[in-house]
Amino acid sequence: MNLFEHINNKQVLGINRRNQLYIRPYNSSKAKRIADSKLLCKKIFAKHNIPTSETIKVIYSIEQLNMINWEILPKSMVIKPNEGTMGNGIIVFWGRKKGKLEWIKTNGQIMTVNDIKRHITYILEGRFSMGNKNDVCIIEERVINHELLKQYSYKGIPDIRVIVFNKIPVMAMIRLPTKKSEGKANVHAGAIAVGLDIATGITTTAIVNKKFSLIDYTQDVIEKMVDEPYLPLRGIKIPYWKKILEMAITAQIASGLGYIGVDIALDKTKGPLIFEINARPGLAIQVANQRGLADRLERIKGLKVKTVEQGIQIAQTLFGGEVEQEIENISGKQIISPLQKIRVDGRKKQVKTKKRKIYKTITLKARLKARVDTNSYYSYIDVETLTKLGYKELLASFEKITSDNENQLKDIGDQQLKEIQEEFVEVKDYEITKRKVEYTISPIVQLRCNIEEIDKEIQFRVRPINQIVYPVVLGRKDLKEFLIDPSRSIAK
Amino acid sequence: MQTVLIHSFSFPHELMMLLMYIPLLITIIALARYVLGLRTVTVYTSVILSFAYFYLDTSATTFVGIKYGLLITAITIITSGIFYRLVSKMRMHYLTKIAVIYTGVILGIIITVFAFSILMPGRLPRLQPLPILMIVTLTDRFVAYQIKKSLKTAFTFVSEGVGIAVFGYFLMKWALLQNFLVHHPEVLILLMICNIVIGNYTGFRLTEISRFNKLFNQGETEELEEE
């Protein structure tokens, strides 16, 4: 790597360039002071009708802290310093012990009133705040995580960051709290950052801090969740995207800052809520999106944007479309591997329970590796597996029927099907195959399968194992809901 | 001319040297921050550490100062780290916590000095108390960073600050530079110009280049495709 080769690169934004060309000229110190104070921000948000989480109480002094009636505080709440940085000093409570003045933190720890009071004293002393001056403590409502994002976050609320410059959203990402970040949506603490397509709000590339690194600024590109490695991060569509962009632009206009990072959370019932605004937004968003900011900012410098709507339109035409039509189709489709583990449900069987001589119905189930074969149209199952699933008699009843006349076999087949369907409803059709000179007949069985937690009825044709090698082969006909990822060679 | 000036007004040589080194060291710290990308502690800490190491030295030719200076720095960082961990879980007022950590640091230093006098009697040079005090104040910064950031960040910040201080120490030991600075106060003007140039630098910090390396390459291929 040549160190000096890139020193004057005009696409990527470095700290020096950000400070000199964007923060200093566009963010006045007065506006910065407002952005740094959560209380002043709340006032401005209220004035411009920007939804934010509701404040329960504001504590300015120790005297006031001693006079609080703890009984009236709700069971789920957040305590945070007014001028805190990087999520320091924030405590989230999700529950309260019944009849007691004790609150439960998201990690399960219990804090008594005295513990909470002490923490608030620290906040008031300014321990978590910029500089070393005294601070104010805010108690506010807890944001309840949106259903969609629940599976992607560990004990915390994901945080959508939109960089807005000159009334135009320039770049966006979502930060997902992980086990390592202890529920914090902070990349340096170990959270995952995922780039978002500005036009659609669909996730693109994702990064997480390197496991071992001397400089704690370097990140690795990842495809799947850290804690649950089978959850892909690409192609998630963030709900309320248009509203999020509108809120971000409105917040920029309201704050008086020219270059701003807006942090938005998604509440289960209230939708997007502004967390906070940042007058010195970090640069990791570029790594998350695998795309530089500098040239985007240069392109929109000095543009005259009249309305919020216009700002969104400019962003969508200039910076959107990273997610192409193809990937749009991906969203909602389950990704499987060429050798996919599946579960096949067979016959229901009456079994005698050991002690009480009572009959119990159980379903015979087979868990096996299926070959995903896009060359084949139909799906196949081998004879042995079908026997195991309780269809021994079914196979036997078809076995002896052979004929050298195809039409004759059809008549026999129709009759046989009617008979057999009385006992085996799973048999949907039959199939005539030519073996050397004679024709044979075999059933087509519809079985319930579970592929990557998706339940699906699949019609199988029956083949001996030496013809299909794998116990089950999935063909194109039954793969419409799935995408095959060849890099996933080993099944889950 | 300047030499004449200094001699004729009997300007103390040592004071002149000390004064000249302060802006030089601060300029180096600025360079390290904005061009190299080191996140130094505070300007004060690095400068004061350089001076502390320098004044621990018994003579101009030996390097005792840096040896024992770094030893005391290491003890300070380790003990304050340990005692911060112990105290952080306890329910105490903030200043009493700080006092406990400081006491622990001093305890660590006393134990080390004792160990030295038992294991290697007579080997420990007479250490100046004031520079040691200057080093021990590092505890303050280290604890503050641990509270506001994390142990890892605190450690990187402080070690980068110590690194610059060591560099500063060797500059201060360099007799040629010492002499030059004492006799050429016009260097101050040069330093000012130097800082104005650094102050307007908008290129990348060297540490950022590894951070954004992949993005640079991406940009290039995109341009090629457009052609």
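Throughout, a chain's letter reflects where its sequence line sits, starting with A, and its residues are numbered from 1.
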Which atoms of A/Q20 approach chain B - backbone, side chain, both or neither, heavy atom under 4.5 Å
side chain
Aromatic rings A/Y122 and A/H119: how do their planes relate, parallel, tilted or perpendicular, breaks at 30° and 60°?
perpendicular
What I want to find out is whether A/D36 reaches A/R280 closely enough, with some N-O distance under 4.0 Å, to be called a salt bridge.
yes
What part of A/L283 gets within 4.5 angstrom of chain B, counting heavy atoms only: side chain, backbone, both, or neither?
both
Counting only non-hydrogen atoms closer than 4.5 Å, does A/D115 touch chain B with its backbone (N, CA, C, O), its side chain (CB onward), both, or neither?
side chain
Most chain B-contacting option - heavy-atom pairs closer than 4.5 Å, from A/L21, A/L13, A/V221:
A/L13
Is there a side chain to side chain donor-acceptor pair (under 3.5 Å) between A/D197 and A/T204? Walk through the geometry before answering.
CA-CA 7 Å; A/D197 177 38; A/T204 56; over 6 Å; no
Ring-plane angle category for B/Y53 and B/Y169, please: parallel below 30°, perpendicular beyond 60°, tilted otherwise.
perpendicular
